[in-house]
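These notes concern the structure reproduced below.
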2 protein chains.
Amino acid sequence: MRADAQRNRDRIVEVARPLIRARGIDAVSMDEIAKAAEVGPGTLYRHFPTKEALYDAVLEAWILQVNDVVDKALTSGTPREQLLSWLSSYVELLTAHKGGAARITASLGDPGSPYATKCDTYLNANKRVLDRLTEAQAIRPGIDAMQMCRLVGGVAAVADNSELEVAAITPMLDVLADGILVR
Amino acid sequence: MRADAQRNRDRIVEVARPLIRARGIDAVSMDEIAKAAEVGPGTLYRHFPTKEALYDAVLEAWILQVNDVVDKALTSGTPREQLLSWLSSYVELLTAHKGGAARITASLGDPGSPYATKCDTYLNANKRVLDRLTEAQAIRPGIDAMQMCRLVGGVAAVADNSELEVAAITPMLDVLADGILVR
DNA sequence: ACCTGAACACCGTTCAAGT
DNA sequence: ACCTGAACACCGTTCAAGT
């Protein structure tokens, strides 16, 4: 890729990210992004074939954090604390990208989605947590990673959509944790 | 309202319902609905000031069923069976209206939303279930109706969005029930 | 190779003109 | 009072013309 093209691409993503984070993807038009990045709409579409693809690129920074968050969650504490640490970090991470939770959760299991890579990352993160807690014999039988993905994604989407504060999210995650762990 | 206007209004809703149920509201245009109902777009907008308002009217039939579903759920069984009966009926009810769960859940607590009435119905339904289970001393402390609304709405939205079958939904509702009930 | 910007198609919504 | 349908504004996307 030519240097100027690379610069354009980077600038588009950098400019789009705060716009989308603040107002949600549906409230930001491709034209507005193109203008803010000082390129023509054609250039935008040369780098990102659809609006979804651009949003996927904006979410890219997210991926890097997921595994760190899992590492941190699993370093110490009781199984319940580890699980809750993961759940709350994940919800916090995704509600920082308006609409991200709903999109990723909705794309789970659809390999054709532009978010497929992110779904995989998310699924693997849940698998890691699940494996660890299974070793500790803390997981209720019959629970798999996909279910966890959907449950947590559902809560994250609700939290994101309704712009809930932490105080409103915590009790819901408690309910999930109680349901996921052995009694 | 003039008789012909009433007929038009009714026809619009009847025609719109199956279209929206089958394909989701975003995939059905107002023009298509107007054409199917054999009215001009202006007539559509005379009866429903926005597309959201039309969707709200389409969801109207839903309301009538919610209370019946609660009645049925609370007639017999252990507290856990009653809760699960309510949860699964609710999810089934709302996934029959593509996009309905997400919209109602997202509007919870927003009195300005066109879905405010439906939110109230939904909140009250959860309150009824919660009160009954509280009498039976089956509810974990710190759980209120709004949280239940959001948790169940989140699962319903995920189920709807991903078009999950009952077999995939049941274990998620089990997790919720385990989290909501006393251990 | 990459960029520009006019143009297209589609869709929610409005409104002047009719009955 | 209610209806019609042309028209508007907006937006995702494309493409012929340029460098």
Side-chain angles (χ1 to χ4, degrees), chain A residues 1-59 98-100 102-103 106-107 112-115, chain B residues 1-59 98-100 102-103 106-107 112-115:
Chain A
M1 172 143 35
R2 240 166 53 182
D4 57 341
Q6 183 67 57
R7 261 198 315 273
N8 272 338
R9 205 201 119 101
D10 293 346
R11 191 148 32 85
I12 288 169
V13 176
E14 271 161 41
V15 153
R17 202 195 320 272
L19 288 174
I20 292 175
R21 275 200 192 173
R23 283 151 47 198
I25 226 206
D26 291 338
V28 184
S29 75
M30 290 299 262
D31 252 30
E32 181 179 354
I33 292 169
K35 252 165 210 145
E38 295 176 315
V39 296
T43 304
L44 198 48
Y45 278 88
R46 158 164 266 269
H47 291 292
F48 307 100
T50 63
K51 195 181 187 183
E52 295 273 287
L54 171 59
Y55 188 59
D56 184 62
V58 164
L59 272 185
K98 258 199 152 311
R103 259 158 237 261
S107 308
S113 150
Y115 307 110
Chain B
M1 173 140 39
R2 238 162 59 180
D4 56 342
Q6 182 68 57
R7 262 198 315 273
N8 272 338
R9 204 202 119 99
D10 293 347
R11 193 149 30 84
I12 289 169
V13 175
E14 270 161 42
V15 155
R17 202 194 323 272
L19 288 174
I20 292 175
R21 275 201 193 175
R23 283 153 46 199
I25 225 205
D26 290 339
V28 184
S29 74
M30 291 298 262
D31 252 32
E32 182 179 353
I33 292 169
K35 250 164 209 146
E38 295 175 315
V39 296
T43 305
L44 198 46
Y45 278 87
R46 157 163 268 269
H47 290 293
F48 306 100
T50 63
K51 197 181 187 184
E52 294 276 286
L54 171 60
Y55 187 59
D56 184 63
V58 164
L59 273 184
K98 258 196 151 312
R103 258 158 238 261
S107 308
S113 149
Y115 308 110

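Residue numbering restarts at 1 for every chain, and letters A, B, ... go by the order of the sequence lines.
OP1 or OP2 of C:dC3 sits under 4.0 Å from a side-chain N or O of A:His47. Between A:Tyr45 and D:dT13 there is a side-chain N or O to OP1 or OP2 distance below 4.0 Å. Put simply, A:Arg2 has no side-chain N or O that comes within less than 4.0 Å of OP1 or OP2 on C:dC2.
The distance between atom CZ of A:Arg7 and atom P of C:dC2, rounded to the nearest whole Å, is 13 Å. Put simply, CD on B:Glu32 is 13 Å from P on C:dC10, counting in whole angstrom units. The separation between B:Ile12 atom CD1 and C:dT13 atom C1' is 15 Å, rounded to whole Å. Computed from coordinates, the B:Ile20 CD1 to C:dG12 C1' distance equals 14 Å when rounded to whole Å. For the pair B:Asp31 CG and C:dA9 P, the computed distance is 16 Å after rounding to whole Å. Rounding to whole angstrom units, CD of residue A:Gln6 and P of C:dC3 are separated by 11 Å. D:dT13 atom P lies 11 Å from atom CD1 of A:Ile33, rounded to whole Å. Note: CG (A:Asp26) to C1' (C:dG12) measures 14 Å, nearest angstrom.
Proximity of A:Ile12 to A:Arg9: side-chain heavy atoms (C-beta onward) are nowhere separated by under 4.5 Å. Between B:Arg11 and B:Asn8, some side-chain heavy-atom pair lies under the 4.5 Å cut-off. Side-chain contact between A:Val13 and A:Phe48: present, with at least one pair of heavy atoms (C-beta onward) separated by less than 4.5 Å. No side-chain heavy atom of A:His47 sits under 4.5 Å from any side-chain heavy atom of A:Val39.
Within 6.0 Å of CD on A:Gln6 lie more than 12 heavy atoms contributed by other residues, nucleotides or ligands.
Set against D:dT13, D:dT4, C:dG12, the side chain of A:Lys51 has D:dT13 as its closest nucleotide. Comparing atom distances between the A:Ala5 side chain and each of D:dT4, C:dC3, D:dA1 picks out C:dC3 as nearest. Picking from D:dA6, C:dG5, D:dC2 the nucleotide with the shortest atom distance to the side chain of B:Asp4 gives D:dC2. The side chain of A:Pro41 approaches D:dT14 more closely than any other nucleotide in the set D:dT14, C:dC3, C:dT13. The listed nucleotides are D:dT13, C:dT13, D:dC3; the one nearest the side chain of B:Met30 is C:dT13. Comparing C:dC3, D:dC2, D:dT14 by their nearest atom to the side chain of A:Asn8 picks out C:dC3.
A distance-only check finds a donor-acceptor pair linking the side chain of B:Tyr55 to the backbone of B:Gly100 [under 3.5 Å].
Base pairing of C:dG12 is made with D:dC8, judged by Watson-Crick or G-U wobble geometry with both donor-acceptor distances under 3.5 Å. Across all strands shown, nothing is found opposite C:dC3 as a Watson-Crick or G-U wobble partner with both distances under 3.5 Å.
When heavy atoms are screened at a 4.0 angstrom cut-off, B:Thr43 is found touching base atoms of the nucleic acid.
Both B:Gly42 and A:Ala27 sit near DNA chain D, but only B:Gly42 has its closest nucleotide nearer the 5' end. Looking at which nucleotide of DNA chain D each of A:Glu52 and B:Glu38 is closest to, the 5′-most match is held by B:Glu38.
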